[in-house]
Structure formats: structure tokens, C-alpha cells
Amino acid sequence: MPVHHCSNGSFDVTEEDRLTLNNNKPFESDLMKITGLVRRDSQIEFRALARRDAERALIHELDKLKEEAPENEKPTLSKNFEGFQDLFKRFLQETGPSVEWANIQPLPKDAIQSYSKLDEYDPDMARELLDKLVVVKLNGGLGTSMGCTGPKSIIPVRNELTFLDLTVQQIEHLNKTYGSDVPLVLMNSFNTDEDTKKILRKYNACQVNIHTFNQSRYPRINKESLLPIAKDWSTNGDNLESWYPPGHGDVYQALYNSGLLENFINQGKEYMFMSNIDNLGATVDLKILSTLLGEGNREFVMEVTDKTRADVKGGTLIHYENKLRLLEMAQVPKEHVDEFKSVTKFKFFNTNNLWIKLDAIKRVVEEKSLDMEIIVNNKTTEGGLNVIQLETAVGAAMKNFNASLGINVPRSRFLPVKKSSDLLLCMSNLYTMKAGSLTMSPMRQFPSTPLVKLGTHFDRVQHFLKRFASIPDLLELDHLTVSGDVTFGKGVALKGTVIIIANHGDRIDIPSGAVLENKIVSGNLRILDH
């Protein structure tokens, strides 16, 4: 039967053909399949052409930005733009979910080991163990979310000591105690690099070799045109918001590009321990290090801890396509979000404390085998323009390494300071400090940390500090909620569940020496049993 193509890409069926179709339903079905196939092929071809056009347009704009840059900046820009082009190409090609929910497999019994069951390390071997280690801290973030300017790592968190002070103290203590040479490596961003380098001068006398390298600088792209919004290559003035650091997944390529990775491998270093600089619980653990060096084959180890209702949005470990991998909430289909949040099905969450073999990082970078899910971060500029940031997360590379493992660590190894409520806990008598490390006070009768919620009046660190004449005694606190214009006098003790709510226009001053145990304090300072 003849079938004639029309100019619009559909089929022109003759009257004779229609009679045949009416008497031949199976043939009608076949024709519809053919029609659908041609249309699908046409759509696929259109999408492929559109992708190629978008790539060409992007490369053209990036080349223009690079041409305008000074000669000494061009090599770095070239490496950054090459990485961004690869990420952009993958972004255009992604068509569906990176994880099919039905294909998630139960975790094998040996996929996650309990920290308590790891063998103890031999103290006599401590120096030998530590000399195989490099400590990397992610230091690309600003303190803007806590109302501060400059790098977040320079915010004072305990006894006027900053995140960076505490980190240096921790590593110096190890090097002095064991005679080791553990270097500290900071991954900065273009937002934090200059300020951080100025501050590092004060550590010149410390027994720690400190290195820095920069993560990439990628261009924000217009959400509609998918073209860079940058006017030129610089980060000066208004052009600063045209660029962004592309998430901590960039650490592998950036460390490789810096030359530090090759140097450490040549020095005989074997593992890097990496964590967020604002996680005060992420200290070097000799028991974990001894286990990794003893086994020898583990290329990637992620510390996880028991999930609570406060952690339901955190990434978790799954077994997928016979590999251990990280599952983030952004990858979960909407109909399965509640299941993902379950503390019974998914019992652990990622602390982002990672132990990774250095020669394995070199291998996956050189083989270009890293395949991290792309995080599409939608932003709006100060001028109201909708832009896209393409980012990756460091833990998403777990599936690209061999013999990966999860270790279920105590909650004490996850002590992040993301907001003022976290800061209140770290500054309080809940913790004692020794050599830069915080540990739960032995005076605390139970190991869990209190749940603290502070209102918007406490968001900025400067305002937070002004509202406390001294940090309250929290040793017996379970739950604290504070809302509105509230201040605390000296020597206040909070116990059990305490809720303090100042209504709009009211102010509550908790008097010095007050002991609030299981109380609700309302807008007119009535104190009620809770």
C-alpha cells in the first residue's frame, strides 16, 4: 500500500488506503506505530539540534570572555570553562531521573559498618598512620546566612576562637603529640580566597603546613537564553554576582588542577579526610584511619550517623546497580518523598565527613569517569534576573570509586553550625573544649543534643550575641523555642522544655539568675508550668 509524505511531516493516506485500513485493523496499528516513530525521531532530532545550538552559543560567549582576560588569567579561565562546558553538556543531555525508585536495592549487610565494632588502633603506630593523611576542609562559603561578611570560617564560635582557629589547633595537637606531619588543605572559592590568605599569616608559627587551592569559578547562566550573564571575565563590582563556585563536587578536579594532589601522592600520602569547616565534630579519627590503611582497598568511605526527625532532608546511602551510592532528596520522585524521610526505611544520613584514597582521585579524574548528578540551583540576581547555577556534591562521586563503605559514627562527629541556634549549643556548657575539639560535657546526663529553635531576632550573629548577657546553662535542656524580642540576663539556666514567645510589640527580658524548667513564658512574662 503506498504511503505519501506531506510537507508537514505527517502521512497522506489515499482513499484506497482508507478502505484497506478499515478492513485491516492490525495494519492500522502498524501504521500508527510508524507514524509515532517518525514523530518521535523528529522530536529527538529537534532536541539534538537545539542542544548543539545551545552548546555552540555558550562556547562562543565563553570564548569572548576569555579573549578579554589578561594573559596571566587565561590558563585558569580555560580550565574553569572546560569544566563548565562538560557540566553544561551533561545538563542538556539529562532527560529523566538519575534513580529509578523501583530499582533501589536493600543495603547489603556489610555496606555500613558500625564505628563501635572497628578495631582499636595501636598508639605506637599513630605517627605512621598520620603521615599517610591529608586533611581537607571545604572553605568556600561566606558567612552571609548568619549575617556576617567574609568567609564563614572566621566567625568566632567558642571562646573568641573561629572555625579556622579550632581546625588549626586540632591538627597542631596531632602533629605535636605524635611527631607527625599532617598538612591542612583549604579549598577556597573566589569569594573567600583573598580574605583567608590574609588570616593564614597568623598561623606561621604553628606546627601545621597549610595549603590552599581554589575551586572553580563558573558563570551563572540566564534561565531563558542559557547564556552567561557576565559582562566580562572579572569579579569586580556588579559583575561579581555573574559567577559562582560550583559546589563541593568540584574538589576532585580542582585539587588535581592545583598540583597538590600529585605532590601529596609523591610524598607518600594515601588518604584525605575531607569535611565542611563548619562541622565542629569532624576531627581526625585514628580508629577509622587505621581501619582504612589496614584494609588497603577502600577508595571511598562516608561517615553516616543515625537519622532523627531533624535530619529527614539529609542524603542517605542506597544500593543501586550493585554499587553503594548517595541518594539526595532532590533525586527523589515527589510520590516517594515521605518514604525517603522515613527514619525506619532509610536509617542513616550523610555527615559529609569523607575519607578518599588519593591515587583513586587521580585515576577517576584522568579517566574522566566521574559522574556526579547535576544540582540545578535556581537563583535571582539583585536586578531580578532569573539565573541557573549548575553544581555537584562531593558525596555523589561515591559510585565511581571501588570498595566504597559507610561507617555509622556517633552523633558527636556531626556538629554543624549553620545558624544561630547551633551556635548557642556550641558556645554553651553542653560542650567542653580541648585542643580545638569539642566533646559533650560529662555533666550532661544523656548524649542527645537539645532541640533549639531561635526566632528571626537571633539570625545575625551580632544580634544574637547582644541578646545574651552570658550564654545560659543548657546541661539539662531538652527543647528550647524562642520567638520575638527576647533577651537573657547573666547566669540563666534552662531545663526540660522551655518556650518563650514575645508577641509583636512586646519584649521579654529573662532576669539574671532565672531558672526556667518546663515553662512557657508568654508576652506579658507570665510563667506557667508546661
Side-chain angles (χ1 to χ4, degrees), residues 99 104-120 273-276 278-289 291-292 298 300-320 324-332 336-355 393-396 398 404-419 421-422 424-426 428 430-431 437-442 444-453 474-480 497:
V99 172
I104 294 176
Q105 304 159 307
L107 283 172
K109 287 183 178 179
D110 59 349
I112 297 180
Q113 294 183 15
S114 171
Y115 176 84
S116 62
K117 293 183 180 178
L118 299 181
D119 291 337
E120 292 295 336
F273 170 54
M274 179 170 53
S275 61
N276 299 334
D278 64 5
N279 179 6
L280 297 179
T283 57
V284 172
D285 189 282
L286 280 162
K287 196 159 92 162
I288 294 177
L289 181 60
T291 299
L292 300 186
R298 299 288 184 190
F300 192 108
V301 171
M302 177 182 290
E303 294 185 31
V304 297
T305 194
D306 292 345
K307 187 195 288 188
T308 69
R309 290 179 182 175
D311 314 308
V312 293
K313 293 182 180 180
T316 191
L317 285 182
I318 59 170
H319 201 239
Y320 190 83
L324 195 60
R325 65 187 284 177
L326 177 66
L327 177 66
E328 298 280 10
M329 190 167 174
Q331 299 169 258
V332 179
H336 294 289
V337 167
D338 288 341
E339 193 177 347
F340 173 80
K341 291 180 177 180
S342 166
V343 296
T344 52
K345 179 165 185 175
F346 298 104
K347 299 177 181 179
F348 312 105
F349 78 96
N350 171 30
T351 65
N352 218 38
N353 299 347
L354 305 172
W355 303 75
V394 62
M398 186 178 207
S404 295
L405 177 71
I407 296 180
N408 183 16
V409 297
R411 183 75 183 204
S412 58
R413 291 190 58 75
F414 184 66
L415 188 58
V417 180
K418 302 295 184 185
K419 46 190 184 293
S421 53
D422 302 322
L424 176 63
L425 294 173
C426 293
S428 75
L430 277 173
Y431 295 97
S437 297
L438 298 187
T439 54
M440 184 72 76
S441 168
R444 174 84 170 169
Q445 294 182 350
F446 28 92
S448 61
T449 55
L451 180 62
V452 175
K453 297 177 182 178
L474 305 184
L475 278 176
E476 298 180 43
L477 180 69
D478 295 323
H479 179 176
L480 173 66
T497 296

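FYI, side chains are in, hydrogens and waters are out, and symmetry mates aren't considered; it's all heavy atoms of this structure. Given the structure is predicted, the values throughout are model-derived calculations rather than measurements. Sequential numbering from 1 along the given sequence is applied to the chain's residues.
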Step by step, would you call Leu289 with Phe273 a side chain to side chain contact (heavy atoms under 4.5 Å, CB included)?
CA-CA 9 Å; Leu289 181 60; Phe273 170 54; over 6 Å; no
Can you measure from CG (Leu430) to CG (Leu474) and round to the nearest 0.5 angstrom?
5.0 Å
What residues form a salt bridge (Lys or Arg N to Asp or Glu O under 4.0 Å) with Lys287, not counting sequence neighbours?
Glu120
Nearest heavy-atom pair of Leu425 and Val452: which atoms, and what distance?
CD2-CG2, 3.8 Å
Nearest 0.5 Å, please: how far is CG in Leu326 from CE in Met398?
8.0 Å
For the CG atom of Asn350 and the NZ atom of Lys307, what is their distance to the nearest 0.5 Å?
11.5 Å
List for me each residue that meets side chain to side chain contact (heavy atoms under 4.5 Å, CB included) alongside Ala396, sequence neighbours excluded, and say none if there are none.
Met372, Glu373
State the CD1-OG1 distance between Ile407 and Thr305, to the nearest 0.5 angstrom.
12.0 Å
On a heavy-atom basis, the closest approach of Asn353 and Ser275 is OD1-CB, 3.5 Å
Looking only at heavy atoms, what is the nearest atom pair of Phe446 and Arg444, with distance?
O-CG, 2.9 Å
State, with a plain yes or no, whether a side-chain heavy atom of Val304 is found less than 4.5 Å away from one of Val409.
no
Checking salt bridge (charged side-chain N to carboxylate O under 4.0 Å, His left out) for the pair Arg411/Asp306: CA distance, chi angles, key distance, verdict?
CA-CA 7 Å; Arg411 183 75 183 204; Asp306 292 345; over 6 Å; no
From Gln331 CD over to His336 NE2, what is the distance, rounded to the nearest 0.5 angstrom?
14.0 Å
Would Thr283 and Arg413 count as a side chain to side chain contact (heavy atoms under 4.5 Å, CB included) here? Give the steps.
CA-CA 7 Å; Thr283 57; Arg413 291 190 58 75; 3.5 Å; yes
Looking only at the side chains, is there a donor atom on one of Asn279 and Asn352 sitting less than 3.5 Å from an acceptor on the other?
no
Kindly compute the distance separating CG (Leu280) from OG1 (Thr439), expressed to the nearest 0.5 Å.
12.0 Å
Are any non-hydrogen side-chain atoms of Leu327 and Ile104 less than 4.5 angstrom apart?
yes
Parallel, tilted or perpendicular: which fits the ring planes of Phe349 and Phe414, with parallel below 30° and perpendicular above 60°?
perpendicular
